[in-house]
Amino acid sequence: MNQNELKKSLSKLPLGLGDVRYFDSIGSTNSEALAWSAGGAKDLSLVIADEQTAGRGRLDRKWFTPRGTALAFSLILRPSAKEKPHLTRIVGLAALAVADSLRTRGLVAQIKWPNDVLLDGRKVAGILVESVWSGVEVDYVVIGVGLNVLKGAVPSAELLQFPATSLEESLGPGVERGKVLRDILAGILALRPHIGTDSFIAAWEKMLAFRDEQVQVEGGSETPMTGKLLGLESDGSLKLSSEDGKSVTVRFGDVRLRRQA
Ligand code: BTN
């Protein structure tokens, strides 16, 4: 995607974005968006790149974006006073918009809490939300989205933490990155006014992978938690039911289906 194609696809967005910075190649669009925000970027400003050479994922993982194969972008939000109590829902905002954009293409997308979008149980997109605070007040939030569009975006198996796939694998050749980008951004814009509502949580919950299944949640150094995946708390935390029937809330970690002994 070059800058002209990008402009063409974004011109069809129902609501205006802020400014757009396009790069043929960059380290990380999230890093650029954080620096730009610190320099005063407006709400809904967008950084997009055709290639990332130092893309970042959660938990200090690397994210690969080979040239010409993927979507890699970062959207800057300056949350309003009404949105500030719902910052923990922002990852859901992005995940829902990505999943919706795939569902409108006839695909059965699911969200692997908190930040992955799956197709047929394999990861097609990852989301990295980073925020900067002044004391107890959030200044800005950067939503970074990486989506494997073509097969060439999927790293080799030995580099993967979780099986991965691409849109091309499901839809065949000819997927237009600009159109997918436009749909995701339009989805974020449309969902944003509803971020504080119960129906937002219900829509997010409906898309969750592994519901009613036994899962394990690994949270870095902590002992993994296990239980049946029930759904979401109102702040977007994960609700499990432990073996002794107690309700457990998980705020951080990676979910996997639990291996049966
Ligand atoms: C993850 O799965 O751990 C999150 C991956 C997020 C990758 C995107 S690509 C665009 C943006 N820039 C980055 O450096 N990371 C995010």
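Just so you know, ligand 1 is whichever comes first in the structure, and atom 1 is the first atom listed for that ligand. One-based numbering along the sequence shown.
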Visitor: In the structure I gave you, are the side-chain heavy atoms of Arg105 and Val180 within less than 4.5 Å of one another anywhere?
Guide: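 Yes, side chains in contact.
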Visitor: Is it the side chain (CB and beyond), the backbone, both or neither of Thr65 that lies under 4.0 Å from ligand 1, heavy atoms counted?
Guide: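 It is neither; nothing of Thr65 touches ligand 1.
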Visitor: In ligand 1, which numbered atoms sit nearer than 4.0 Å to a non-hydrogen atom of Asp116?
Guide: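 Near Asp116, meaning under 4.0 Å from one of its heavy atoms, ligand 1 has 2 (O).
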Visitor: Could you tell me the separation between the OG atom of Ser45 and the CG atom of Leu77, rounded to the nearest 0.5 Å?
Guide: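 Here the interatomic distance stands at 10.0 Å.
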Visitor: Mark up the atoms of ligand 1 that fall under 4.0 Å of a heavy atom belonging to Asn115, in ascending order.
Guide: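 By the 4.0 Å cutoff, the relevant atoms are 1 (C), 2 (O), 3 (O), 4 (C).
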Visitor: Which residue and atom name correspond to the protein heavy atom nearest atom 3 (O) of ligand 1, and how close is it?
Guide: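 The protein heavy atom lying closest is Arg58 N, 2.7 Å.
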Visitor: Can you tell which of Ile48, Val98, Leu185, Asn115 makes a side-chain contact (heavy atoms from CB on, under 4.5 Å) with Val145?
Guide: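 Answer to the side-chain contact (heavy atoms from CB on, under 4.5 Å) test with Val145 among Ile48, Val98, Leu185, Asn115: Val98.
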Visitor: Let me see the working for Leu102 and Leu119 under side-chain contact (heavy atoms from CB on, under 4.5 Å), right down to the final yes or no.
Guide: CA-CA 9 Å; Leu102 305 185; Leu119 282 180; 4.2 Å; yes
Visitor: Heavy-atom distances under 4.0 Å decide this one: backbone, side chain, both or neither, for Lys123 against ligand 1?
Guide: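 Contact part for Lys123 vs ligand 1: side chain (C-beta onward).
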Visitor: Between Leu59 and ligand 1, which residue portion shows a heavy-atom distance shorter than 4.0 Å: side chain, backbone, both, or neither?
Guide: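 Leu59 to ligand 1: no contact under 4.0 Å from either part.
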Visitor: Under a 3.5 Å distance rule, please check whether Glu137 uses its side chain to pair with a backbone N or O of Ser134 as donor and acceptor.
Guide: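 Not a single qualifying donor-acceptor pair exists.
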Visitor: Given the ring of Phe210, does Lys112 sit roughly above its face, with NZ or CZ under 6.0 Å from the centre of the six-membered ring and within 45° of the axis?
Guide: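 No - Lys112 does not lie over the ring of Phe210 by the 6.0 Å and 45° rule.
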Visitor: Within a distance under 4.0 Å of any heavy atom of Ile127, pick out the atoms of ligand 1 and give their elements.
Guide: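 By the 4.0 Å cutoff, the relevant atoms are 4 (C).
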Visitor: What atoms of ligand 1 come within less than 4.0 Å of a heavy atom belonging to Gly57?
Guide: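 Within the 4.0 Å cut-off of Gly57, ligand 1 contributes 1 (C), 3 (O), 4 (C), 5 (C).
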Visitor: Which distance, rounded to the nearest 0.5 Å, do you find between the CZ of Arg89 and the CG of Leu96?
Guide: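 Spacing of CZ (Arg89) from CG (Leu96) equals 11.0 Å.
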Visitor: Report the nearest protein non-hydrogen atom to atom 5 (C) of ligand 1: residue, atom name, distance rounded to 0.1 Å.
Guide: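 Of every protein heavy atom, Trp63 CE3, 3.5 Å lies nearest to atom 5 (C) of ligand 1.
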Visitor: Can you list the ligand 1 atoms lying under 4.0 Å from a non-hydrogen atom of Thr29?
Guide: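 Listed by number with element: 10 (C), 11 (C), 12 (N).
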Visitor: Just to confirm my output: which protein heavy-atom neighbour is closest to atom 15 (N) of ligand 1, and how far is it?
Guide: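 The answer is Arg56 O, 2.7 Å.
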Visitor: Assess Gln52 for proximity to ligand 1: is some non-hydrogen atom of it under 4.0 Å away?
Guide: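 Checking ligand 1 against Gln52, which is what was asked, there is a heavy-atom contact under 4.0 Å.
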Visitor: What are the atoms of ligand 1, with element, lying closer than 4.0 Å to any heavy atom of Gly55?
Guide: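 With Gly55 as reference, the close atoms of ligand 1 come out as 14 (O).
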Visitor: Any atoms of ligand 1 less than 4.0 Å from a non-hydrogen atom of Phe73? List them with their elements.
Guide: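 Numbered from 1, ligand 1 contributes 10 (C).
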Visitor: Can you tell me how far the CD1 atom of Ile90 sits from the CD1 atom of Ile127, to the nearest 0.5 Å?
Guide: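 Ile90 CD1 to Ile127 CD1: 12.0 Å, rounded to 0.5 Å.
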Visitor: With a distance cut-off below 6.0 Å to the six-membered ring centre and an angular limit of 45° from the axis, does Arg21 pair with Trp36 as a cation-pi contact?
Guide: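 Cation-pi check for Arg21 and Trp36: passes.
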